[in-house]
A.B. asks: 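I have a structure I would like to understand better, so I am pasting it below and will then ask my questions one at a time.
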Amino acid sequence: MSEAVTPLNGARFEGLATIEDAGLTGMITLRGDLASKEVKDAVQKAVGLDIPAQRQAVSGQGSAVLWMSPDELLLICAYDSVSQTIATLEEALKGQHFLAVNVSDARTYLHLSGAGARETLAKLCPVDLSEAAFTPGMFRRTRMAQVPAAFWLDEAGTFHLICFRSVADYAFNLLKTAALPGGEVEIYG
Amino acid sequence: MSTRLAKTGRLVDHNRAIAFTFNGKRLKGHPGDTLASALLANDQMLVGRSFKYHRPRGIVASGAEEPNALVGLGEGTRFEPNQRVTTTELFDGLTCISQNHWPSLDFDIGAVNTAFARFLPAGFYYKTFIHPRPFWKHVYEPFIRQSAGLGKASNPGDPDRYEHFYYFCDVLVVGGGVAGLQAAVTAAEAGSKVMLIEQTAHWGGRAPVDGGEVDGQPVADWVDATIAKLQGMPNVTLRNRCMGAGVYDHGYALGYERVADHTPGSDAPRHRLWRIRAGQIVTATGAIERPLSFAGNDIPGVMLASAVRDYAVDFGVSIGDRTVVVTNNDDAYRTAITLKQLGLEIPVILDARQSGGGALADEARALGIRVENGKGIAKVKGGKRVEGVAICAQAGEGAVLEEIKCDAVAMSGGWSPVVHLWSHCGGKLIWDEAHAHFRPDPANPPKGANGEGFVIPAGAANGAGDLASVVRDAHEAGQAAAKAMGHKPKGKAPEASTSEEAPMQPVWLMPQGAGIKLRMKSWLDYQNDVKVSDVQLAAREGYESVEHAKRYTTLGMATDQGKLSNINGLAILSDALSQPIPQTGTTTFRPPYTPISLSSIAGEAKGEIFQPIRKTPMHGWHEANGADFEPVGQWRRPYCFPKGEEGRHEAVNREIKQTRASLALLDASTLGKIIVKGPDAGRFMDMLYTNMMSTLKPGRCRYGLMCNENGFLMDDGVVARLDEDTFLVHTTTGGADVIHGHMEDWLQCEWWDWKVYTANVTEQYAQIGVAGPNSRKVIEKLTGDDISADALTFMGWTEITVAGIPARVFRISFAGELSFELSVPASHGRALWDALLEAGEEYGVTPYGTEGMHVMRAEKGFIMIGDETDGTVIPQDLNMDWAISKKKEDYLGKRAQEREHMADPNRWKLVGLETLEGEVLPDGAYATAPGTNANGQRNTQGRVTSTYHSPTLGRGIAMGLVHHGPDRMGEVLEFPKVDGGIVKAKIVDPIFYDKDGEKQNV
Amino acid sequence: MKHYSAFAVAREALRYHMGWERAWASPEPKKKYDVIIVGAGGHGLATAYYLGKNFGITNVAILEKGWLGGGNTGRNTTIIRSNYLQDPSAAIYEKSRSLYETLSQDFNYNVMYSPRGVIMLAQTEHEVRGYQRTAHANALQGVTTEFISPQRVKEIVPIINLDGPRYPVLGGLWQARAGTARHDAVAWGYARACSAMGMDIIQKCEVTGISREGSKVTGVTTNRGDIACDKLGLVVAGHSGHLADMAGFRLPIESVALQALVSEPIKPCMDCVVMANTVHGYMSQSDKGEMVIGGGTDGYNNYTQRGSFHHAEETVRALVETFPMVARLKMLRQWGGIVDVTGDRSPILSKTPVEGIFINAGWGTGGFKAIPGSGCGFAELMAKGHSPLCDEFGLDRFYQGRFIDESVAAGVAH
Amino acid sequence: MLILTCPCCGVTGEETEFHQGGEAHLKRFGPGASDDEFHTYMFAKENPKGVHFERWRHNNGCGKWFHAARDTVTLEVYGTYPAQTLEPPKEIRDAITAKRPGWTWREFA
């Protein structure tokens, strides 16, 4: 089989923040009754993590579960293990009304790190990105300039950002422009 | 003459000189200067020309309210017209030119208008230039446009960048004067997250110029100490060079930060637009001094008294050696005192008040200054600069009592709070009789999302007078703001200086009984040349509403938006209408406070990131292989792939021929793909589509039509049933998000008890159309799976591995040939594309674009959403009754289609059109019918919906909607061309190619 | 009515303009009128004017709750064009445009109609086809338009960027006799002419109720007393639903904000109107030199005459991209108006369920350009009970599914 | 520039994250309904000057539809609530009554 390629193919930019293609990552949309024991168990089996609270992300080693909406999660796992993870979910949820679908290739996934990461995002997203308001573990779906985007912050201070695959170049160029040297706002970090 | 004083000027660095040019003249200033102070230091009194009469104009103010001194700043791609010199920081190498004159600033032909001013009163153009009719467009209007307009346009290619910044705080304080500082401290100490913004480069506002003490220290020291304190607070953000530009609904405010205007060419963005969401907004925006209306008050050298003081104290610039001060209040005495203490001459202070001033007047007298009470200026003498004033009694009609030589006039008509930001979002004003100004009405603030007020005025912006009351008021504002945010205010306002001043007295016209000749020379709006007589004329003619008077005279419509002129103008209007000022009211304050660059509004969205460009996984290949793209929504799709010297048309023809003859590939990744899953999925699909979808078998595909609830066709596409519970819906390129939203809308809001989940997986897959007689062969080269005619029948789908990649293959055809669509994970899309090209080489494979696809579908008589449909077409119009289930009780749009007009047999219906001569029918042409309608329009009986040259048939083919079309096969219709001439076309079956579908069924 | 002319201005100048009379009278309302028009905006005043001029009905009152011309007439971007696709629209807008041509002479008040031309840019293949269709339709409707090449576009608008990195200009629909006029002057000119015919324009008169006897209207209640009438015309853009509610019926209308903005004035740089629908913006230059800029409507019901900033942002970025030389100009002022948008985005000129009440509403973003034509047709409808210009715009079309849809595109091609 | 709180995900976001979708609490009329009923359902708008019940979608967010009670004159938001309901919740109706006594909107008061 051919080698899978991400839309940004490893792109990286270092400015006020470091913006880099996070590489191939498994992503699974799971829709179902998030309050049910079945879904909770299925997620545990699939990625070994709990279901996050509203607008939260729980992260594990190379895995995460993101709260997308009251009936939707996004499961993050290794790219190569997506089929297996979906199979696990399907097995665990047999007989339930649910939907588990591979969306790993539907998105571009970026890491945003460094002192200027908050400011870079705050130039593009109508979200309070101050240290007090946006803390590790939070997950936010919003708008980044003219496209939908979602991001969460890990304990190390790196933002994990996803948006649709087709706008990968746009998203990268946006972030790059926002992180150009000289554009320090000097308000966060 | 205006000049630089030695060793004064708290903001400038006398030890360093920087060079700049004005109209090519090389001049010198100091760091800390504004362009205004630097020009004045060089005795450049004349800086521009007015809008209508091209009168000489000098600097009249020292801040954002300046109406006159606008220049073209910079050069080349960084040129910017209409830049206010009073708010432009001087930098080394600055170049600027004056505006609105020809051939030169000193000698302007347009000034001839002044001589005719009497014949050009307010609104003269409504009464003239009426005949002869064509003259307006060709003679009068060009002349008027050329003489108006101020500066020249900027040039394309702006090299600077701009950005936005989203910021959230509890309390936004606008204005970094004493009031703003105090309000910020108070709110911050209560625990609120505070942002304080100031439009200039300096903190403290006017207070350091006027002096006084706060908290036992000189106010300038208090300002420094307070800034230091605020800088040390983690919950406070300070920004100078950042103007509060506008207040919008629900606590939204714009901060316009001029990051690099004073350092052009640096790597910083030029402007940053702060998009601030604040819980409470404190407007500590100060007050603006009003001019007095006397004859000749527009001559360069007549300046606001506060501005004269500012230039002396802040920049060490004196406007004149002999300055006459004219006032109706005590504050202007400060100017006289300041100048006198600097060793300059004050020949007289003319105080329009019969009773004169208070303690400050005594102080002035003590310094030996002559003070005349009850006096005013009858007329200023001079042309391009002040030469003297004629003094009169304020109570009289202007009889000259004495003439005094002077080279500057400092005037003060009282102060108006800056209420713009308060008013932008609906805050109401009340008239303060004692100070003759409008100030915020505390009972009627702008209201936020919770229905409570969210703007609090502070200090002079709230009508507070001396330092002590400003500080006290600001402290209260800070407390109120913090409290509204749920924080507990603490502390008391610091003590500050009080000053006992005699009451001001409103003076709207000087002298009070000025005759018409003086009133015609008494300016209200300096830039737009509106005089007292103009407003009075408007009132006489019935333009009584303040908005009528404004629009009729153009008062307050200049670039300063009436900061100096509005109150004076509406006082004159009220007087003319014999009604109190509050009854006249004000015009509406609109954002921005002062003009902000269009580019700052556009922000980062320019060039490559103007808008998102959506790209498929094969986009890079298309680009590298010469694709001629067309925008389709935010996607760019290859229209065709021209080779060598080939034009578009030849390329399209070649692609089609190659498809029909052998093999071609289409990047179909943009098609929408939506998963619909659940026990109620079939039922839901039946509601979405006009067809019956629930009966579709797993492994099979069905073409379907989707209508909106109003009955019109909105999308079409192929549905594949993946399993008993799951459908895969294909939509048009533009339909992916729309249809997904449409599905979720019905599921969430109408049928929320149905068990259906959807997921938009459009971008998960790269989709490649493989079309042509050799399509099966090429795929078979790349797969071991069976896709033979028996194994994968027409309208079937299956899962295979192709080029080592897991894929769904759909045997569907839009081109009318044997064809397949391969759907693979997007990250393998490019690999599959490459593999197919390589494997197809032996068949002469070619990629084809959207136009080839369009032509081929038209040859087959397939409709295209957006061509055959335009939002007014229902499936019945397209003879697609076969796709409308008769068995279903309901589907979206069904009831709508039962309405009288939709069920009308006279609706135009789809047919094929074949030109008699084989030419291509013009796109969008209409078929005429005899006669005209009641409005004299030519009757029509049909129109072309798609029209192409068919390379397959070697002739033009078209589809169209025609009145009773399907019943009129063989009839010939006439389609007029726009350039004359008629194309005749015969009504035919819309399927032009392979009517029996044999080609796709092999 | 004193005749306006250059000679009159010169004559008055000699007496310092002391001799000008009021442009319109300010009478007290009478007890009864043959016709009451609610709303002294452009459409209301024009209706009254043509009632008098074409049908000799002059016992007319025009009631205005604020100041005349103070609604959308005084806050729009003044574009006048008639290059519409559907027959009924083209008919009324072209009637309007042709009346604009001679309006200044007609009522002796210079409305500065400037037929400088309007270009609607085609920036996608889809738009090209849409505008070619419009050009064909216009030719049969008696509306002179042409589809022009990108090079022609550049000749007419030298400041345009034909090859934007995003949407190249592929051509344009050009109407040479379209243009702009001075908005306030249109209202003032009609008002002056109505007043001269003896009609009563009553400002600061708010209608608070509508009286009927059975199914027939008898008059209105206002803050200045009850006023009786035989016929009542409701011409209150932005408030139509509110008035209809008083009369007891509902309309297929929603009221939303439409924003506009102007730049600071600059010397002439663009001599026509350019509309770029793909990127949602349009621009012209006023006689004062301001670039007058508009875009699409805001997305929610709103009676505040203010809009949301991001809509202005979208418009501005489109125009900075299309006209790179405006990048360093500054926005002077932004504002909003309330527009009534109907179920098919075309206007309503119609009888109503209440006998004697007629409604003229729902012009959406297109009201200013329609003022003379709408007034002319609506006056005929009120006087005679029907009018070829109005007949297709009845309320009944929403029951029958007979829409007049001007939005060319339903979806984007495969 | 409005702010709204999405009752589905709890985000308080600015208007650009949301999309308004017309009046709330519409009763759908399908085949079998009279012309009048269908017209009322499709076209007869409340369009009030005052409190309005309307549909919003958190399209740049959790993607869910919800309802809002909002004043079209003051732009005050009295509350937002899930779309899966046939009538506005009592606490929101009470909040409106407190501000606008005597209000009505279709059959609600």
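Just so we're clear, the structure is a prediction, and the values are computed from it rather than from any experiment. Residue numbering restarts at 1 for every chain, and letters A, B, ... go by the order of the sequence lines.
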A.B. asks: At a 4.5 Å cut-off on heavy atoms, which part of D:M42 comes close to chain B: side chain, backbone, both, or neither?
C.D. replies: side chain
A.B. asks: Quick check on the interface: out of B:C425, B:G426, B:G893, B:A896, who has the most heavy-atom pairs with chain D under 4.5 Å?
C.D. replies: B:A896
A.B. asks: Is there any N or O donor on one of chain D and chain B with an acceptor on the other under 3.5 Å, and could you list each such pair with its distance?
C.D. replies:
from, atom 1, to, atom 2, distance (Å)
D:M1, O, B:R277, NH1, 2.9
D:M1, O, B:R277, NH2, 3.2
D:I3, N, B:H250, ND1, 2.9
D:R28, NE, B:E709, OE2, 2.6
D:R28, NH1, B:D890, OD2, 2.8
D:R28, NH2, B:E709, OE1, 3.4
D:R28, NH2, B:E709, OE2, 3.4
D:R28, NH2, B:D890, OD1, 3.3
D:A33, O, B:R895, NE, 2.8
D:A33, O, B:R895, NH2, 3.0
D:S34, O, B:R895, NH2, 3.4
D:D35, OD1, B:R895, NH2, 2.6
D:Y41, OH, B:E709, OE2, 2.5
D:R55, NH1, B:D745, OD1, 2.8
D:R55, NH2, B:D745, OD1, 3.2
D:R55, NH2, B:D745, OD2, 2.8
D:G63, O, B:Q748, NE2, 3.4
D:W65, N, B:Q748, OE1, 2.5
D:L75, O, B:H250, NE2, 2.8
D:V77, N, B:A449, O, 2.9
D:Q84, NE2, B:Q748, O, 2.9

A.B. asks: Under 4.5 Å heavy-atom distance to chain B, tell me which part of D:F66 shows up: side chain, backbone, both or neither.
C.D. replies: neither
